[in-house]
Trainee: 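I'd like to ask some things about the structure below.
On a predicted model such as this, the values are computed, not experimentally measured, just so you know. Numbers here simply count residues along the sequence, with the first being 1.
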Amino acid sequence: MFNNKSIIVFDMRTSQDFLRVGTAVIFVGIIILLLGTVLTIIHHPANSQMGGLIMIGPIPIVFGSSPEITTNMLALGLIISVFYLFLWKTKR
């Protein structure tokens, strides 16, 4: 009755395929972040607060438009640094 046998073929993927997909995902993520920032500024120009966190290894670099946002980014950076160092120590 159900004699439909379909063959599923899994092609071998190379590391370059994964590199291309990963690069595309990163670029799409950056575009979404930039678009979200621009739309937030356009819709709420008077009370928009921005902040950022740049991680260079375990060292956080923070910035913000207000002291509250900067403090929040610093706390997030410290949490990520501790987590990074914890994972790095347990890997060894």
Trainee: Using a 4.5 Å cut-off between side-chain heavy atoms of Ile, Leu, Val, Met, Phe, Trp and Tyr, which other residues end up in the same hydrophobic cluster as F18?
Mentor: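 Besides F18, the cluster holds no residue at all.
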Trainee: Other than I61, which residues form its hydrophobic cluster under the rule that side-chain heavy atoms must be closer than 4.5 Å?
Mentor: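 Members other than I61 - counting any ILVMFWY side chain reachable under 4.5 Å - are I54, I56, F63.
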Trainee: What residues join I80 in its hydrophobic cluster, counting side-chain heavy atom gaps under 4.5 Å, either direct or through other members?
Mentor: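 Other cluster members: L53, M55, V62, I69, M73, L74, L76, L78.
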Trainee: Is a side-chain N or O of S81 found less than 3.5 angstrom from the main chain of I59, in a donor-acceptor match?
Mentor: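 A pair under 3.5 Å: no.
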Trainee: For L39, give me all partners under side-chain contact (heavy atoms from CB on, under 4.5 Å), at least two apart in sequence or on another chain.
Mentor: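 side-chain contact (heavy atoms from CB on, under 4.5 Å) list for L39, sorted by chain: L35, H43.
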Trainee: Just jot down the side-chain contact (heavy atoms from CB on, under 4.5 Å) partners of I30, sequence neighbours excluded, or say none.
Mentor: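 Partners of I30 under the side-chain contact (heavy atoms from CB on, under 4.5 Å) test: I26, L34.
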Trainee: Connecting only ILVMFWY residues whose side-chain heavy atoms lie within less than 4.5 Å of each other, what is the rest of I42's hydrophobic cluster?
Mentor: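 Joined to I42, directly or through intermediates: V38.
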Trainee: For Y84 versus P58, what's the shortest heavy-atom pair and its separation?
Mentor: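 The answer is CD2-CB, 3.5 Å.
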